[in-house]
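The block underneath contains the structure these notes are about, expressed in structure tokens.
Remember, it's 1-based here, ligands and their atoms both numbered in the order they're listed. Reckoned from all heavy atoms, side chains included, excluding hydrogens, waters and symmetry mates.
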Amino acid sequence: MSELVKNWTEWLKSSRFSYMNEVQKQQAVLWLFNVRDKVLERACLKEGDTVLDVGTGTGLLGFGAYEAINGAGKVILSDAFADCLVECRKIAEQSEITEGIEFLQSDASDIKLAENSVDVVVMRSVLVHIQDKLPAIREFNRILKDGGRISIFEPIIRQNTKYYELIDPDNFPEYQKIKDVENKISSDMNDPLVNFDEHTLGQDFIKAGFKNIDIRVSTESSTYVVDPAMIDPWFNTPPSPDRPPLKQRFIEFMPEIEVNEFLERLKTYLGGKSITLNSPSAYIYAEK
Ligand SMILES: C[S@@+](CC[C@H](N)C(=O)[O-])C[C@H]1O[C@@H](n2cnc3c(N)ncnc32)[C@H](O)[C@@H]1O
């Protein structure tokens, strides 16, 4: 586990926003709510449903699902990590929710629920943290009732804008090296964050027995002026509690001194410039 982030709750509540200014934080939160609404809308939730939120974190989807079914039915907030469920229990208590909600500590690849026991599975940004995604997707199929629905969102990080796409080779003597390193990092099949895309997920859903699979890719573009002070946090913030920050990944492929020189050049070059970052994501809906 990273030294910078002790647990998932801390990462969800603060670390993932640590490199953003206030305006960017507000935009990120709005974006999260939009994603939540789209995942829940595609799940076609209705009163009486039993809904499982896999990898609930701080309950973004789960509490939204509870509202969508009007508290009539059951929402199971599940996560592999206890700290997330402690946080969700606190939120439930503060919101005076006492019925129709359950908490389940379970790994997505080994869900402690009976087969055919759930009407709907919802999930956001969880497979991206699991090395072998197919066993988890098979698990979702096992616990869903016949005709049950699944609606998920996963970021396709391997297709995000790369740093080498933001710089001019004439200003960076190490341009080709940086390009090679970024291409290696973003195609590393041993890194759960990048070892998949919408096509491999689609194949996994078919293998797991799902039908009526609908995959929509949506690309979020954010344009802003770079403050040089953002660049160190970009490279030093862990992408999850159990994965190394980007700088550490670079150091696996090039000497640290060269990485530091690149970062200094990047600050001078990008500082004050307007950049656009593209981040594609997949919304997947399927039925058992
Ligand atoms: C990026 S967070 C997303 C949290 C939440 N779904 C949301 O949208 O805010 C990833 C979540 O997946 C959980 N997680 C990671 N690996 C998991 C696994 N193997 N099984 C179940 N949950 C897992 C983490 O604890 C964390 O809560």
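Not one N or O of Ser125 is nearer than 3.5 Å to an N or O of ligand 1, by distance alone. Polar contact with ligand 1: present for Gly57 (N/O pair, distance under 3.5 Å). Below 3.5 Å of separation, one finds no N or O of Asp53 facing any N or O of ligand 1. The distance criterion of under 3.5 Å between nitrogen or oxygen atoms is not met by Leu61 with respect to ligand 1.
A chain of hydrophobic side-chain contacts below 4.5 Å, direct or via other Ile, Leu, Val, Met, Phe, Trp or Tyr residues, connects Ile178 to Trp234.
Contact annotation: for His129 versus ligand 1, heavy atoms closer than 4.0 Å belong to the side chain alone. By the criterion of a heavy-atom distance under 4.0 Å, the side chain of Ile130, and not its backbone, is placed next to ligand 1. At a heavy-atom cutoff of 4.0 Å, ligand 1 is contacted by the backbone of Thr56 but not by its side chain. Only the backbone of Ser106 comes within 4.0 Å of ligand 1, counting heavy atoms alone; no side-chain atom from C-beta on gets that close.
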**Request:** Show the numbers, then the answer: is there a salt bridge (Lys or Arg N to Asp or Glu O under 4.0 Å) between Lys247 and Asp232?
**Result:** CA-CA 9 Å; Lys247 181 170 174 185; Asp232 281 329; 6.0 Å; no
**Prompt:** Step by step, would you call Lys288 with Asn116 a side-chain hydrogen bond (donor to acceptor under 3.5 Å, both in side chains)?
**Reply:** CA-CA 10 Å; Lys288 176 170 173 181; Asn116 301 318; 2.9 Å; yes
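Leu144 is listed as a side-chain neighbour of Phe210, based on a closest heavy-atom distance under 4.5 Å.
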Can you give each donor-acceptor pair under 3.5 Å made by side-chain atoms of residues 130-139, sequence neighbours left out, with the distance rounded to 0.1 Å?
{"unit_1": "Gln131", "atom_1": "NE2", "unit_2": "Met189", "atom_2": "O", "d": "3.0"}
{"unit_1": "Lys133", "atom_1": "NZ", "unit_2": "Leu127", "atom_2": "O", "d": "2.9"}
{"unit_1": "Lys133", "atom_1": "NZ", "unit_2": "Ile130", "atom_2": "O", "d": "2.5"}
{"unit_1": "Lys133", "atom_1": "NZ", "unit_2": "Pro192", "atom_2": "O", "d": "3.0"}
{"unit_1": "Lys133", "atom_1": "NZ", "unit_2": "Asn195", "atom_2": "OD1", "d": "3.0"}
{"unit_1": "Arg138", "atom_1": "NH1", "unit_2": "Lys207", "atom_2": "O", "d": "3.1"}
{"unit_1": "Glu139", "atom_1": "OE1", "unit_2": "Arg142", "atom_2": "NE", "d": "2.9"}
{"unit_1": "Glu139", "atom_1": "OE2", "unit_2": "Ile111", "atom_2": "N", "d": "2.8"}
{"unit_1": "Glu139", "atom_1": "OE2", "unit_2": "Arg142", "atom_2": "NE", "d": "3.4"}
{"unit_1": "Glu139", "atom_1": "OE2", "unit_2": "Arg142", "atom_2": "NH2", "d": "3.0"}

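When all heavy atoms of Leu60 and Arg36 are compared, the pair lying nearest together is O-CD, 3.3 Å.
Each of the atoms 18 (C), 20 (N), 21 (C) of ligand 1 lies under 4.0 Å from some heavy atom of Ala108. Listed by atom number, the atoms of ligand 1 under 4.0 Å from Cys84 heavy atoms are 25 (O), 27 (O).
For the ring-ring contact (aromatic ring centres under 6.0 Å, His included) condition, the pairs that include at least one residue of residues 28-74, sequence neighbours left out, are Trp31-Phe153.
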